[in-house]
Amino acid sequence: MVVRPYNEELEYLERKTPFKWEIKKGFQPNMKVEGVFYVNTFLEKLMLEELQNSCRPGMIGGFLPGVKQIANVAALPGIVHKSIGLPDIHSGYGFAIGNMAAFDMDDPQSIVSPGGVGFDINCGVRLLRTNLFEKDVQPVKEQLAQSMFDHIPVGVGSKGIIPMNANDLEEALEMGMDWSLREGYAWAEDKEHCEENGRMLNADSSKVSMRARKRGLPQLGTLGAGNHYAEIQVVDEVYDKWAAKKMGIENIGQVCVMIHSGSRGFGHQVATDALLEMEKAMKRDQIEVNDRQLACARINSNEGQNYLKAMSAAANFAWVNRSSMTFLARQAFAKQFKLTPDDLDMHVIYDVSHNIAKMEQHYIDGKLKHLLVHRKGSTRAFPPYHPLIPVDYQLTGQPVLIGGTMGTCSYVLTGTEQGMNETFGSTCHGAGRALSRAKSRRNIDYNDVLEKLSQQGISIRVASPKLVMEESPESYKNVTDVVNTCHEAGISKKTVKLRPIAVIKG
Amino acid sequence: MSISKLKAIGYPLASVFDATNEKCLRMLVLWLEENILKIYEPDKRSGLQNIDSDEWDTAFKDYCVSSSNPITSTETIDHLEWFLGRAVRTVYNEQRSKFDSETKTTLEIDSNVPTIIPSDNPIDNIDAYSDDFKKGVEKLADLLNISKHPDHIITLEAVSAFIEKRLSAKAINNPSAVLPKGEAFPLEQIKGHKIDSKDKAVLKALKVLRLAQLHRLRDLQTCINECIVSMQQITSNPKTDTKLGKVGY
């Protein structure tokens, strides 16, 4: 890494618009394209402070600052357009979380990097609507939270309540949500409202290690720990009435259920296995990168293909996981209100993936290109009329689900044409950490966090209370800042704001 | 059995052919083989040539096998029908260009003189281009509140689509099943991607076309969902077992 005094570093950064900064070539060695990041004044301060701190002498260890990570990604072989940092960006393994980048599939040098997808492959958010209103749920929200907590196992070592054997897992890895449909855990309409229709077709479970399978099998249908959660939310504000109506959101106070989860230990193992394999491939193919954590392989190499196939299997795992939890959440509501999920109109509004690499077609300088788009902590946000979004959202653009942090609000956005041109149809994914987990544990008391939530009238069920401070709102950037930046920058459009009334967490 | 097929392939005894007469049938088989089909070499046809022999049936069976006749019936006449078809094909293929040009001329002559088949059904006798009919369609369209197209036949199509969808017995008994639910999406809210024209009318037409296309896609997606649901009725068997559950930590 190049170490320069902070004021010299700043010469490589330029504010292009009130919400967009550019990172010029030369900021890190071998940059093939420029970097760009989206921030408002508040987030900008956080970004630059992080850089400033890393410039102080003796600051070694830990992740590199986000700006440096964006620039290192811009130096990867085959990258096109720009290396893009979204407003919720924070340092991660190799790629920053909230960094997206696309690589030209027709360039033999182009790479795929597990660090650009993240360890929790196909971590994503799903939003269900109901026809209930806050007044229906408030009196029973404690029971409902308990019922959800009883149905959906949470926590690090949790195990699911849907019986699965090795053969079921094998089929689920190949079929994704089609497996859930076949077995009757999902509705036909769920598939329609899910990114990729809930199934990556190039999944190949034979590329998945035995270890990953062993970790994955008992965990299907569980929420997991960390920032994952299931929340009962109510509509707090509607910014775009027509788009909201298309999503079945009619009024303020309407109750929704948000599920944020991923591929659990399965995806983590797939990523770990691939990183090991790719280190060797990098030596063999002489791929040079700025940061050891950016382990990668050529897309067309064996290692690259194996990873993409195993990653797709993990993505399918995550969809089956979210579908199973949808089934369980529907059951919990049905029991509480003694009505069928159908009567409660518990349809999936949408299901987004925010840790994934996908093959997509985009126009660059007017030319159609086949790209491998890495979105790590970044959500696809396709504009109206894009052929890959469901027919119900053709007029509004793809719904983008932005999960907030525990106790703060969440948002639904829609994709825009400008986002398609600037960020390959991508936007933010959530609040984004401001403090590291360790720092949160040191500085915040979990009792205070729980107390604050109950003061806000939020019911909480949590498997490991001592870890809630890691997820406290203070540990994160303000999700409203993040979402407003995306809205103002035009890369997505605010539609609905939701606020939680009950949370279940690992 | 069709006598016209026999005539078409030029069978000399077509006019006196009697399908109930076994001898007639046997003669036809022999004629077909010798003149058109030619499945056997000439010196191997003796079995079929002995028309009066008791062995003829056996010879015919062998003949059916050699010609890969797929018919399983035991009746000679059924097999003969298949051989006749094959013979017609053979004759046609041999002189394809001649037949094609003849068909073309015949069709041209035919279309010059429209064939009018008198019908008892009053609807068949309606002149769809008479002024009276046009007026009728317009009245109907006014009654149903359907905007008129300069071509009244297209208006009629719209009227028919409307009646089938909204005024069927099923729809009248249960109107909520066919009425679209929710609020209509306002046309002026439709923006973006490649919808652009300076002419307001063109712009509006573009939007309407987009909506019509979306409507078709929605119907298709609904069909797909219905397919999935009917498959689920066979395959689905969701189970949960709370004993398996374990909360972490």
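- Enclosure of atom CG in Asp132(B) is not indicated, since only 12 or fewer non-hydrogen atoms of other residues, nucleotides or ligands lie within 6.0 angstrom.
- Here Asp392(A) is the residue among Leu328(A), Asp178(A), Asp392(A) with the most heavy-atom pairs under 4.5 Å with chain B.
- For Lys134(B), the NZ atom counts as densely surrounded, since its 6.0 Å shell holds more than 12 non-hydrogen atoms of other residues, nucleotides or ligands.
- To the nearest 0.5 Å, the span separating CG on Leu214(B) from OH on Tyr393(A) amounts to 14.0 Å.
- For Ile224(B), no part lies near chain A; criterion is any non-hydrogen pair under 4.5 Å.
- Counting only heavy atoms from C-beta outward, the side chains of Leu220(B) and Val391(A) never approach each other to under 4.5 Å.
- Summarising the local packing, CZ of Arg216(B) is surrounded by 12 or fewer heavy atoms from other residues, nucleotides or ligands at distances under 6.0 Å.
- With rounding to the nearest 0.5 Å, the separation of NZ in Lys207(B) from CG in Leu395(A) is 10.5 Å.
- The CD atom of Gln394(A) sits 8.0 Å away from the CZ atom of Arg210(B) when rounded to the nearest 0.5 Å.
- Here Pro163(A) is the residue among Pro163(A), Pro390(A), Ser180(A) with the most heavy-atom pairs under 4.5 Å with chain B.
- With a threshold of 4.5 angstrom between heavy atoms, Thr396(A) approaches chain B through side-chain atoms but not through N, CA, C or O.
- A distance of 12.5 Å separates CZ of Arg182(A) from CD1 of Ile234(B), quoted to the nearest 0.5 Å.
- Counted within 6.0 Å of CG on Asn174(B), heavy atoms from surrounding residues, nucleotides or ligands total more than 12; the atom is thus considered enclosed.
- The CD atom of Glu189(A) sits 5.0 Å away from the CG atom of Asn225(B) when rounded to the nearest 0.5 Å.
- Here the closest heavy-atom approach between residue Ser236(B) and residue Gly184(A) is recorded as CB-CA, 3.4 Å.
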Item checked: Residues Leu181(A), Gln232(B); criterion side chain to side chain contact (heavy atoms under 4.5 Å, CB included); working and verdict -> CA-CA 7 Å; Leu181(A) 272 177; Gln232(B) 277 184 317; 3.5 Å; yes
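- Taking Leu211(B), Val229(B), Ile228(B), Leu217(B) one by one and counting their heavy-atom pairs under 4.5 Å with chain A, the maximum is reached by Ile228(B).
- Summarising the local packing, NZ of Lys493(A) is surrounded by 12 or fewer heavy atoms from other residues, nucleotides or ligands at distances under 6.0 Å.
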